[in-house]
Amino acid sequence: FAAFSKNISWICEMTKEKGASTVVVLVHRSHAKKVKDLLDKSHVLDKDYRMTPALSAEYKEAIAIPVCGEYRSFLEKTSLEGVLGQTSQFCPFSTSVLGNHGGRTRKQHAVADENQLQPSSLVEQALVTAIQQQWRDIEAVDKGESWILRNVRTLDTKLCPKRVEILGDDRTLVIHPRALSLSEVPFSDFLDKTMNLSTDEHKEGFMIRVWEQLVLLHQSPRLVRKGEVQAESGVRESNFRILWPPLCAECQSELSGPGSPGWITVTEQNIHQSFDMTKVMFSRGNITEKVRFGKLVQSGEVLLDLYSGIGYFTLPALVHGRAKHAYACEWNIHAVNALRYNLKDNGVADRATVFHGDCRLMVAQHKLENRMDRVSLGLLPSSEGGWESAIRALKLATGGWLHVHGNVPVREVEDWTLWLCSRLATFVAGLEGRTIGEDWVVLCSHVEKVKSFAPTVNHYVADVYAGPTKTSPTIEKTNHGVFVYANGTMELIPKTAVLVVPSCALSADGPLHQDWMREVVNE
């Protein structure tokens with residue numbers, strides 16, 4: 001891994017340049033200038049791009065010269081010394097293009113004839129190049145790009161996607177669990193048909209070539225496959241698998257932490273979030289909520305982050321919200337290690353305390369009752385198991401805010417918010433230490449849609465105030481909530497509201513039934 005990273009470091013530097021993938025002729029560096037001059041005189045040199053070192057590991061001493069127009073015809077008619085092959089790869093834009101955006105009419109890209117198919121994506125290009133390399137190795141007849149592409153395009157787009165996801169500051173490539181997977185029969189059959197690869201060992205060896213081409217074409221140091229998260233597992237490991245660079249199974253499973261093969265940094269709103277992507281989940285869809293949470297937190301507040309992960313909400317609260325102190329609870333040890341690293345890396349470790357363990361027990365075990373101004377409950381699909389601990393953590397004199405995440409059917413949002421407030425109210429009623437004769441209110445002041453989770457289900461966050469009525473926000477007509485009176489009685493807000501248990505509530509046999517999301521007895 002270290003050797004690969006060193007060899008490809010120059011590629012990562014190239015990503016800082018503006019450019020695009022284009023058709024190139026690969027020429028040995030000792031003949032590059034002469035060939036370039038001949039291509040220029042024949043009007044097939046693409047001057048919108050600059051020459052650049054070849055990205056293919058097969059041509060380490062080659063220079064990629066961008067071409068256009070009828071370059072194939074020219075090469076067939078002309079004997080050029082030093083020409084090694086043709087492909088597509090990233091090339092930086094020329095100075096004239098960068099200095100005159102939109103001021104030039106782009107010339108037609110290199111094509112052989114109207115019937116010649118061209119790769120429409122870098123994924124297709126990677127497959128074409130890898131297959132042609134395989135044919136050369138076994139001295140088979142090269143049937144050409146068009147033949148390969150016609151077969152590639154018979155595959156479902158889930159098996160051969162048009163694009164791949166790019167994650168992190170180093171532009172790591174991430175592909176779908178089914179994409180280019182040998183476990184998918186149609187894709188495996190495709191390899192049999194195009195290259196007569198009948199054994200799994202041969203197919204796996206060929207796929208290493210595909211992975212190499214993908215990272216080279218995308219200017220990326222790494223390629224990973226998304227994993228399936230086990231719903232019954234409370235630790236919720238990502239199960240990502242590194243495909244490139246090739247690693248032994250033990251390296252993938254045992255190595256973790258800074259410098260390990262799976263370690264990645266994602267910088268958002270000037271906050272560095274580092275973690276082992278093979279061990280820890282990460283969702284870029286939560287960025288708007290991270291920004292919003294950082295703005296909600298007030299300078300000088302003390303907050304508790306239940307289900308903190310690598311610091312998704314702890315870090316914005318400290319860096320942008322200027323919280324006085326944050327207590328973060330997490331039971332995935334890989335996430336805990338990443339969180340501690342991130343706190344130091346962002347310069348806020350002196351204002352944070354991290355607890356490793358079950359957050360449903362942390363409030364009681366570490367005596368966090370009656371100390372918090374704000375609590376984040378950022379667990380999906382439900383944070384219900386932490387609601388009682390969150391209520392107990394709020395300051396009794398002033399109350400505080402809970403930010404409750406959940407996956408909720410769109411049609412049940414109002415039912416969910418009222419039911420959520422009623423459940424929290426039952427925990428308020430049982431609080432010890434409340435001032436005698438003091439009325440409390442549990443009020444949902446806002447529900448924020450974070451992202452879509454499924455066609456009829458969204459990820460929402462409910463901003464809920466729980467505390468004495470004398471310090472509560474103004475109650476609007478659209479708010480839902482519950483009064484908890486000093487005599488123990490409760491009243492819904494509004495009075496005419498009807499309490500309905502939503503389908504997303506934890507139940508013995510419902511969609512959400514996992515024990516690790518339930519309440520536990522605090523000891």
Side-chain angles (χ1 to χ4, degrees), residues 1-21 52 55 89-90 92-93 122 163-176 211-212 214-227 237-245 247 251-252 255-291 293-294 308-320 332 334-349 451:
F1 178 78
F4 172 81
S5 298
K6 184 177 181 179
N7 290 338
I8 206 167
S9 60
W10 66 272
I11 294 178
C12 295
E13 288 298 315
M14 287 177 61
T15 64
K16 299 176 183 178
E17 295 194 75
K18 294 182 178 180
S21 179
T52 191
L55 299 182
Q89 74 160 60
F90 174 93
F93 288 133
L122 294 183
R163 61 182 60 87
V164 296
E165 180 183 345
I166 296 178
L167 176 67
D169 298 354
D170 67 351
R171 304 182 79 252
T172 289
L173 303 184
V174 182
I175 62 173
H176 189 272
W211 307 146
E212 180 185 23
L214 274 175
V215 298
L216 290 173
L217 288 170
H218 286 86
Q219 318 304 301
S220 173
R222 202 164 35 181
L223 171 66
V224 300
R225 186 185 297 283
K226 282 185 177 180
E237 289 194 357
S238 66
N239 293 315
F240 276 30
R241 179 169 171 263
I242 298 174
L243 301 176
W244 183 270
L247 296 171
C251 291
Q252 297 224 31
L255 297 178
S256 186
S260 66
W263 193 254
I264 191 170
T265 299
V266 180
T267 301
E268 296 174 327
Q269 53 171 338
N270 295 319
I271 295 176
H272 306 302
Q273 304 161 105
S274 299
F275 56 98
D276 186 338
M277 60 184 163
T278 67
K279 308 292 184 183
V280 178
M281 292 178 60
F282 183 85
S283 174
R284 289 189 295 187
N286 294 342
I287 177 61
T288 56
E289 181 58 20
K290 295 175 187 176
V291 173
F293 186 73
S308 63
I310 65 170
Y312 311 108
F313 300 106
T314 297
L315 293 170
L318 292 169
V319 175
H320 296 304
N332 180 334
H334 300 291
V336 168
N337 292 337
L339 172 58
R340 288 175 174 150
Y341 176 92
N342 291 332
L343 291 168
K344 291 180 181 178
D345 192 33
N346 288 279
V348 292
K451 62 181 182 295

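For this chain, numbers begin at 1 and follow the sequence in order.
A distance-only check finds no donor-acceptor pair linking the side chain of Arg225 to the backbone of Val174 [under 3.5 Å]. Side-chain N or O atoms of Arg171 include one that pairs as donor or acceptor with a backbone N or O of His218 at under 3.5 Å. Checking side-chain atoms of Asn342 against main-chain N and O of Ile310 turns up a donor-acceptor pair under 3.5 Å.
Across all their heavy atoms, Met277 and Phe240 have their closest contact at O-CB, 3.3 Å. Shortest non-hydrogen contact noted between Pro316 and Gly311 is CD-O, 3.7 Å. Of all heavy-atom pairs spanning Trp263 and Ser274, the tightest one is CZ2-CB, 3.5 Å. Shortest non-hydrogen contact noted between Pro245 and Pro221 is CD-O, 3.8 Å. Closest non-hydrogen pair, Asn346 versus Ile271, comes out as OD1-CA, 3.6 Å. A pairwise comparison of heavy atoms in Gln273 and Glu268 identifies NE2-OE1, 2.9 Å as the closest pair.
Contact of the Leu315 side chain with the Leu343 side chain is registered, since non-hydrogen atoms from C-beta on lie closer than 4.5 Å. Side-chain contact between Leu243 and Ile175 is present, with at least one heavy-atom pair separated by less than 4.5 Å. Contact annotation: the side chain of Arg222 approaches that of Ile264 to within less than 4.5 Å [non-hydrogen atoms, C-beta and beyond]. For the pair Ser220/Ile166, no side-chain contact is recorded, criterion being any heavy-atom separation below 4.5 Å from C-beta on.
Atom OH of Tyr341 sits about 6.0 Å away from atom OG1 of Thr265, to the nearest 0.5 Å. Put simply, CG on Asn286 and CZ on Phe313 are 5.0 Å apart, with the number rounded to the nearest 0.5 Å. Note that NZ of Lys290 and CD of Gln269 are 8.0 Å apart. Values are rounded to the nearest 0.5 Å. Taking OG from Ser308 and CG from Leu339, the interatomic distance works out to 5.0 Å, rounded to the nearest 0.5 Å. Residue Phe293 holds its CZ atom at 7.5 Å from OG1 of Thr314, rounded to the nearest 0.5 Å.
The 12-atom threshold is not exceeded at CZ of Arg163, counting heavy atoms of other residues, nucleotides or ligands nearer than 6.0 Å. Heavy-atom contacts from other residues, nucleotides or ligands closer than 6.0 Å to NZ of Lys344 number 12 or fewer.
Applying the salt bridge (Lys or Arg N to Asp or Glu O under 4.0 Å) rule to pairs touching residues 311-320 yields nothing, sequence neighbours excluded.
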Side chain to side chain contact (heavy atoms under 4.5 Å, CB included) evaluation trace for Ser238 with Val280 = CA-CA 5 Å; Ser238 66; Val280 178; 5.7 Å; no
Problem - Pair Arg284-Leu167, side chain to side chain contact (heavy atoms under 4.5 Å, CB included): steps then yes or no - result: CA-CA 9 Å; Arg284 289 189 295 187; Leu167 176 67; 3.8 Å; yes
Side chain to side chain contact (heavy atoms under 4.5 Å, CB included) for Phe275 and Val266? Distances and angles first, verdict last. CA-CA 9 Å; Phe275 56 98; Val266 180; 3.9 Å; yes
Walk me through it: do Arg241 and Asn239 pass the test side chain to side chain contact (heavy atoms under 4.5 Å, CB included)?
-> CA-CA 6 Å; Arg241 179 169 171 263; Asn239 293 315; over 6 Å; no
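A side-chain donor-acceptor contact under 3.5 Å links Thr267 and Asp169.
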